[in-house]
Structure formats: structure tokens, C-alpha cells
Amino acid sequence: MPIRVTLDRMLLERRMSLTELCDRVGITMANLSILKTGKAKAVRFSTLEALCKELGCQPGDLLSFDEDEDDDAAD
Amino acid sequence: MKALGRGSLASALKIVLDVAWYLSWAALVLASLFLVAAGAAFIMNFLGYRPIGFMSEVVTALQEHGVVFPLLIAEIVALMVVVDRLRRIFATLVSGDPFVPENAGHLQVIAIAIAAYQILRHLTQGAVAMLLTLMDRPVEGGIHLAVAPDVNLGAWFAVAALLVFAEVFREGARMRQEQKYTI
């Protein structure tokens with residue numbers, strides 16, 4: 001999918017572990033892993049809101065668009 | 001009685017399909033044995049061996065109807081494909097999760113198998129008619145052979161409907177997958 005979630009970069013910049021984020025935002029580890037590994041098909045506004053609140057960023061900071069990425073690569 | 005899950009109507013139908021599956025295996029083995037016997041009868045006839053008494057009647061019957069067995073076996077195999085795929089679909093119904101991408105493929109295979117079964121049925125009828133004609137049996141037995149439009153419209157409608165349902169299942173599975181990966 002050409003849309004990528006840059007959660008791993010955001011976590012690295014803030015020296016935060018996935019477990020820590022999981023505890024703070026109340027999203028299960030399994031769902032955060034799906035987001036982090038790029039398997040997610042869609043993100044709810046409520047999820048984006050919780051992530052942005054905890055990471056202190058904008059929704060655009062969590063997403064990137066890579067035109068060259070294969071559309072079915074993550075499927 | 002609930003429709004899906006354990007102890008449901010789906011699980012009762014799954015048991016029926018399991019029984020049908022084992023019965024069709026038995027029918028396949030039986031038809032295969034008859035085919036082998038028919039082959040042996042042809043070889044005996046070719047070698048000039050003529051059995052006497054009851055065996056003579058059996059060998060003659062096998063020689064006369066031997067052509068039908070390969071088609072009968074093909075029909076049983078087509079039927080087994082349908083039953084097997086239905087069993088797999090019903091297994092997902094019993095587990096309460098029918099919208100899996102594999103079920104779309106199963107429905108497509110069932111549609112193709114029903115179509116193949118219909119074609120094989122016509123071929124079998126044709127082979128029997130040809131056999132009777134070649135052996136001059138219609139005259140002896142008073143059987144009248146005539147070309148009749150014996151097309152099972154219900155079966156062909158089921159084929160078309162199953163192909164459509166397969167696509168509905170595929171779309172349902174895609175939507176479910178999308179929902180599963182919506183965070």
C-alpha cells in the first residue's frame with residue numbers, strides 16, 4: 001500500500017517502546033503491531049487522535065505517501 | 001435452533017455431509033471394482049475364455065455395461081468434489097466465521113463440479129443409448145430411444161447462482177478483512 005504509517009520512526013524519536021505507547025493510548029498491542037508493520041487497511045480518527053495526543057504530533061506526522069510502493073505489497 | 005455455530009442447524013447439516021462424504025467414497029470404491037471386473041471380463045472374452053452358468057451371465061452383463069463405469073466414476077468424483085467443498089464451507093459455518101476468502105473459491109469449485117456433473121450425466125445417457133442401439137436392444141426390449149430436451153434447468157440455474165454467490169462471498173470476505181485491519 002502506498003500509504004505508510006511511520007509509527008516506528010515516531011517511537012524512535014521519542015525513545016518510547018511499543019508497550020509503553022500501548023499502555024498510554026489504550027490500544028491493544030496486536031493492533032499497534034498491525035499499524036507498525038504496515039498491515040493496517042484503515043485508521044479511525046479516534047485512533048489517530050489518541051496517538052497524536054500521546055506522541056504530541058499531527059496526523060500527517062504519522063502517515064507518509066510513497067508512490068512507488070506496490071499497492072498489494074502489504075496484502 | 002440457531003443457524004450458525006456449535007450445536008446449530010449448520011452443524012447438523014455438516015454431519016449429514018460427512019455421512020454423504022463417506023457413502024460417496026464407498027460408491028467410488030464399488031464402481032471402481034465393477035470397472036476392474038468389466039475390464040477383466042473384456043480380457044476374458046478377448047482370450048476366448050467362456051465361463052458357464054451364473055458366471056456367464058455376470059461376465060456378459062459386465063461386458064455389456066462396462067462402458068458406463070468410467071462415466072459413472074467421473075460422476076461420483078464430481079459429486080464428491082461438491083460434497084467435500086460443502087463440508088469445508090459448513091466447517092466455517094460451524095466455527096461461526098463464514099466470511100473467509102477460501103469460501104468464495106469453494107463455491108466456484110462447486111459450481112464447476114455441478115456443471116461437470118450435468119455434462120457427464122448427458123454423456124452417460126448418450127453412452128447407454130448408443131450401447132442399447134448398437135446391441136439392437138431397443139427393438140428387442142421394446143425400448144424407444146428418442147432425442148429429448150432433458151436439460152436440468154434447475155441445476156444450471158444453481159451453477160449461475162453459485163458463481164454470483166461466490167463473488168458475494170469474496171466481497172464479504174474482503175470487507176471483513178478490511179474491518180479486521182481497521183485500527
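Computed over heavy atoms, backbone and side chain alike; hydrogens, waters and symmetry mates excluded. On a predicted model such as this, the values are computed, not experimentally measured, just so you know. The chains referred to below are lettered A, B, ... by the order of the sequence lines, with proteins before strands, and numbering in each begins at 1.
- Hydrophobic clustering of Ile, Leu, Val, Met, Phe, Trp and Tyr side chains at less than 4.5 Å, counting indirect connections, unites Leu55(A) with Leu63(A).
- Note on residues 21-43 of chain B: no pairs pass salt bridge (charged side-chain N to carboxylate O under 4.0 Å, His left out), not counting sequence neighbours.
- Looking at Ile27(A), only its side chain comes within 4.5 Å of chain B, counting heavy atoms on both sides.
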Counting distance alone, with no hydrogens or angles, which donor-acceptor pairs between chain A and chain B are under 3.5 Å?
residue: Lys41(A); atom: N; partner: Tyr181(B); partner atom: O; Å: 2.7
residue: Ala42(A); atom: N; partner: Tyr181(B); partner atom: O; Å: 3.4
residue: Ala42(A); atom: O; partner: Ile183(B); partner atom: N; Å: 3.0
residue: Arg44(A); atom: N; partner: Ile183(B); partner atom: O; Å: 2.8
residue: Thr47(A); atom: OG1; partner: Ile183(B); partner atom: O; Å: 2.9

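- Dense packing is recorded around CZ of Phe65(A), with more than 12 heavy atoms of other residues, nucleotides or ligands lying under 6.0 Å away.
- For CE of Met175(B), the number of neighbouring non-hydrogen atoms (other residues, nucleotides, ligands) closer than 6.0 Å is 12 at most.
- To the nearest 0.5 Å, atoms CG (Leu48(A)) and CD1 (Ile183(B)) are separated by 11.5 Å.
- With hydrophobic clusters built from ILVMFWY side chains whose heavy atoms lie under 4.5 angstrom apart, Val94(B) does not share a cluster with Leu13(B).
- Residues meeting the ring pair (Phe, Tyr, Trp, His ring centres under 6.0 Å) test with Phe165(B), sequence neighbours left out: none.
- Sorted by first and then second residue, the salt bridge (charged side-chain N to carboxylate O under 4.0 Å, His left out) pairs with a member in residues 152-165 of chain B form an empty list; sequence neighbours excluded.
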